[in-house]
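In what follows, chains are A, B, ... by sequence order, proteins preceding strands, each numbered from 1. Everything numeric in this text was worked out from a predicted model, so none of it was measured.
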There are 2 protein chains.
Amino acid sequence: MPVTPTTVPPASADLSRLLDAIAQRIGAAHVLRAADDMAPYLREERGLYQGRTPAVVRPGTTEEVAFIVSACAEAGVSIVPQGGNTGLVGGQMPFGELLVSLARLDRIRDVDPVDMTMTVEAGVILDTVHRAAEEAGCLFPLHIASQGSCRIGGNLSSNAGGTAVLRYGNARELVLGLEVVLADGQVWNGLRCLRKNNAGYDLKQLFLGTEGTLGLITAAVLKLFPQPAQRSTAFLAVPDPAAALALLKRLRGEAGDALTTFELMAGFGVETVLKHMPGTVRPFRDAYAWYVLVELSAPTRAFDLPALLEQGLADALEAGEVLDAVIAASEAQAQGLWRLREDMSEAQKHEGGSIKHDVSVPVSRVPEFLERALPAVMAALPGLRPCPFGHVGDGNIHFNLSQPVGMEKAAFIAMWETFNRIVHDIVVEMDGSIAAEHGIGLLKAHELAHYADPVSLDLMRRLKGALDPGDLLNPGKVIE
Amino acid sequence: MPVTPTTVPPASADLSRLLDAIAQRIGAAHVLRAADDMAPYLREERGLYQGRTPAVVRPGTTEEVAFIVSACAEAGVSIVPQGGNTGLVGGQMPFGELLVSLARLDRIRDVDPVDMTMTVEAGVILDTVHRAAEEAGCLFPLHIASQGSCRIGGNLSSNAGGTAVLRYGNARELVLGLEVVLADGQVWNGLRCLRKNNAGYDLKQLFLGTEGTLGLITAAVLKLFPQPAQRSTAFLAVPDPAAALALLKRLRGEAGDALTTFELMAGFGVETVLKHMPGTVRPFRDAYAWYVLVELSAPTRAFDLPALLEQGLADALEAGEVLDAVIAASEAQAQGLWRLREDMSEAQKHEGGSIKHDVSVPVSRVPEFLERALPAVMAALPGLRPCPFGHVGDGNIHFNLSQPVGMEKAAFIAMWETFNRIVHDIVVEMDGSIAAEHGIGLLKAHELAHYADPVSLDLMRRLKGALDPGDLLNPGKVIE
């Protein structure tokens, strides 16, 4: 179970002066000090953490963020930045530090359908980015479960992944430029719209995926893509993960980049969705051990995607890679199939405690990982119900474990460290990653320190020292 | 004209001891001290620089590189790393520093067609990477003019671009992992094959595109792609760059990612190729002011690319975006069309001195850039013959200037700084980059210092200070 750190807040007189100065600059209404007002910012969605902060400050512009950071740097007060408060590793949670919410920086500054770029502030909700892209006839392809409430600054700070990485890459690959407030309050303006730029070090890389520990992202230039003109979605039963991998290779060979999504799910997960989520529909008469959700899309109607998918699946059925298949005949049917995948985390909440691992291995080794990890966790706790699913095309498995029926939830959650060691030992032995797409935050800082080689840790500390020598930005996150 | 810096070499007794120790470790045959032996390493291809070094050392393994760097760090001797010596900005040239050639690290350690990865050492020649990928039924899509002699370590250190960036991204996007010797001689092993990994800071980004100033890349894990099953190539005459941009938008909308290459060329450049390069063939009866080379490719035969290209070009002819078109009917014809673009730099050498600018602007502003820059340079020197060409889909124009007929070459080259100021002022005003794909090296370090904002320069210096506090790695390159 995650440990919450203790931070000593600064002397109250100093803090009070600091908050007064901030209130004067950004407006008293945007400095929240009452417990009720602060509560939504301090409650972690899954109840893993309860944050503590002297105040939640809500700047409305980059200049106001710079003022706050600068004032905090002078006062020696540390800061935790927060976007939509949807992070899964506690990176957005303060434990005594000042909480700086970026939610009011929510302007879309520019959409350019010729350059295929959008300039957004950090607080824009991901779904709002999607809609603005669509209105311009474009696509922003970052799709994650929390897209209705997560904010783009947090997505970029955590290098979010999701269900379209196979085709479009991680959040890092979707960014052309950034605007960042540095630890001393200086603003770095790297809001470039260029597809090629080797004029010096690529400084934006310092802030993408570093979880607010090296600077606060306040705005970004995003890459847009042509909007799909057609989509073909299928839900498949497959005999095992090895067959899923063979199918992936087949469909990539046939469809190339038209293959946008390829998600593997264990039967237990799909049954859990069907049991708990109203309106979901069983795709096949029989239940199977493993399923795959496939989506093909293309920005043109010049390619016959339905024929391509039908032929590919017919060949896969004949090769024994697929046991049963349903192809969506309408957008509504496609959405129904997607729900079987997308509702999985939500459905799992109805089955008691869940211990989650967000891991990756080389794509070719996903079956081996599952063959090793599943018996290992089952042996540690009889009755455990593993619910692995995820982005098999990226080698990224959400290796989630639902508690045995009837076990006390707290007793199960207390086994978090035990399961970490079992799962992460296997992952690291297989040259994998203990943090594929959710980041390190606080939840895994101790795990990172345990597994990372000393040279990597030293390099990370040197970077932190160079950019935030006072350890004022999100202290204790990522690097212990 | 580029200025060559002066570096004071270390006291000769110390240096002699250092070289003896290196010779003992890597073999005396791999420590070159005779002027004739060293000459090929010190001659810059275009004659812009003549390097100077006490010795060229040629380690054969990562451990030998680490030994050399460690010994140099102890002795306070600075180092310039070199791959294939094909860089266009002098980044690989020593001026008193020890030259460390990575050419003997030329093993392909692994090719994995399931994971679609290849692990290569820094000294592998780019064309060798291409062939090894092909033999495994895959594609490594980095294509640049020097691919027959440049080495992959240099390509990654300079974040090379080329003719397939439109579809596959820059070199940075083609890398999953790196092995790097740090300034103190420690080896950082980041040779991961993972498609998703957020376990801490993405440290490889520190070494990609930083031109050997923060560490020496010794090996890399490259991303491979499905091999194209079909290609369609066309050469087009277009009325102007604005029409080329409209055509780009049209073809991207129709072909999506099947559009792999989209290159713009001025008529003068194509005429120069036809005049000087034996075996090249005029594509049209008439000469035109502007041309475009287009290539579509797909990993499957399920898409009818020829039909798609023919229809797209028919529509473009009707819309006035294209004046004349030829579609290659065979692989030999396609190669002939490619030569009109690929031989351009070579052909230009026959027209006397050439002052080159490797710039980028937002894609939508390429026509505006050319409309402003062409008259500006013509006004500065009557008779000048501009030869702009390049990757218009990336906003990257090689704004090359051939000297007026009859002018003395040296007098023309002496105007380098004058033209830099004219061209780069326009580029920077347009939010562009003065170094799109060739890097900064020594040639543009002064320009970068002139144009970069103080916050960016400060961040670069902080990184350099954190990773190479003794300024031992490629000193004076990128950052003055």
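- Options Gly209(A), Ala302(A), Ala445(A), Gly432(A) differ in how many heavy-atom pairs under 4.5 Å they form with chain B, and the most are formed by Gly432(A).
- In terms of heavy-atom pairs under 4.5 Å with chain A, the best-connected choice from Gly256(B), Ala255(B), Pro362(B) is Pro362(B).
- Using a 4.5 Å cut-off between non-hydrogen atoms, the part of residues 455-465 of chain A that approaches chain B consists of Val455(A), Ser456(A), Asp458(A), Leu459(A), Met460(A), Arg462(A), Leu463(A), Lys464(A).
- Only the side chain of Leu206(B) has a heavy atom closer than 4.5 Å to any heavy atom of chain A.
- For Arg172(A), the part lying under 4.5 angstrom from a heavy atom of chain B is the side chain only.
- Both the backbone and the side chain of Glu254(A) have a heavy atom closer than 4.5 Å to some heavy atom of chain B.
- With a threshold of 4.5 angstrom between heavy atoms, Ile479(A) approaches chain B through side-chain atoms but not through N, CA, C or O.
- Residue with the most contacts toward chain A among Gly253(B), Gly161(B), Cys193(B), Ala229(B): Gly253(B) (heavy-atom pairs, distance under 4.5 Å).
- Counting heavy-atom pairs under 4.5 Å between each of Asp112(A), Leu214(A), Asn189(A) and chain B puts Leu214(A) at the top.
- Counting heavy-atom pairs closer than 4.5 Å to chain B, the top residue among Asp358(A), Asp304(A), Ile434(A), Leu182(A) is Leu182(A).
- For Ala436(A), the parts lying near chain B are the backbone and the side chain together; criterion is any non-hydrogen pair under 4.5 Å.
- Ser158(A) touches chain B through its backbone: at least one of N, CA, C or O sits under 4.5 Å from a heavy atom, while the side chain does not.
- Heavy-atom distances place the side chain of Leu203(A), and not its backbone, under 4.5 Å from chain B.
- Atom CG in Asn197(A) sits 9.5 Å away from atom CG in Asn170(B) (nearest 0.5 Å).
- Heavy-atom distances place no part of Val359(B) under 4.5 Å from chain A, backbone and side chain included.
- With a 6.0 Å radius and a threshold of 12 heavy atoms from other residues, nucleotides or ligands, Arg231(B) has its CZ atom at or below the threshold.
- The CG atom of Leu194(A) lies 4.0 Å from the OG atom of Ser360(B); values are rounded to the nearest 0.5 Å.
- A side-chain donor-acceptor contact under 3.5 Å links Asn198(B) to the backbone of Asn159(A).
- If you tally non-hydrogen atom pairs under 4.5 Å between each of Thr210(A), Thr117(A), Val361(A), Val478(A) and chain B, the highest count goes to Thr210(A).
- For residues 185-201 of chain B, the pairs satisfying salt bridge (Lys or Arg N to Asp or Glu O under 4.0 Å) are Asp394(A)-Lys196(B), Glu437(A)-Lys196(B), with sequence neighbours left out.
- Contacts between Leu166(A) and chain B at a heavy-atom distance below 4.5 Å are absent for every atom of the residue.
- Heavy atoms from other residues, nucleotides or ligands lying under 6.0 Å from NE2 of His446(B) number 12 at most.
- Highest contact tally toward chain A, considering only Leu248(B), Asp453(B), Leu448(B), is held by Leu448(B) [criterion: heavy-atom pairs under 4.5 Å].
- Put simply, of Leu176(A), Val114(A), Val363(A), Asp115(A), the one with the most heavy-atom pairs under 4.5 Å next to chain B is Asp115(A).
- Between chain A and the residues Pro454(B), Gly162(B), Gly169(B), the largest count of heavy-atom pairs under 4.5 Å involves Gly162(B).
- Taking CD from Gln205(B) and OH from Tyr201(A), the interatomic distance works out to 14.5 Å, rounded to the nearest 0.5 Å.
- Chain A forms the most heavy-atom pairs under 4.5 Å with one residue out of Glu173(B), His391(B), Arg301(B), and that residue is His391(B).
- If you tally non-hydrogen atom pairs under 4.5 Å between each of Gly200(A), Gly395(A), Gly439(A), Pro226(A) and chain B, the highest count goes to Gly200(A).
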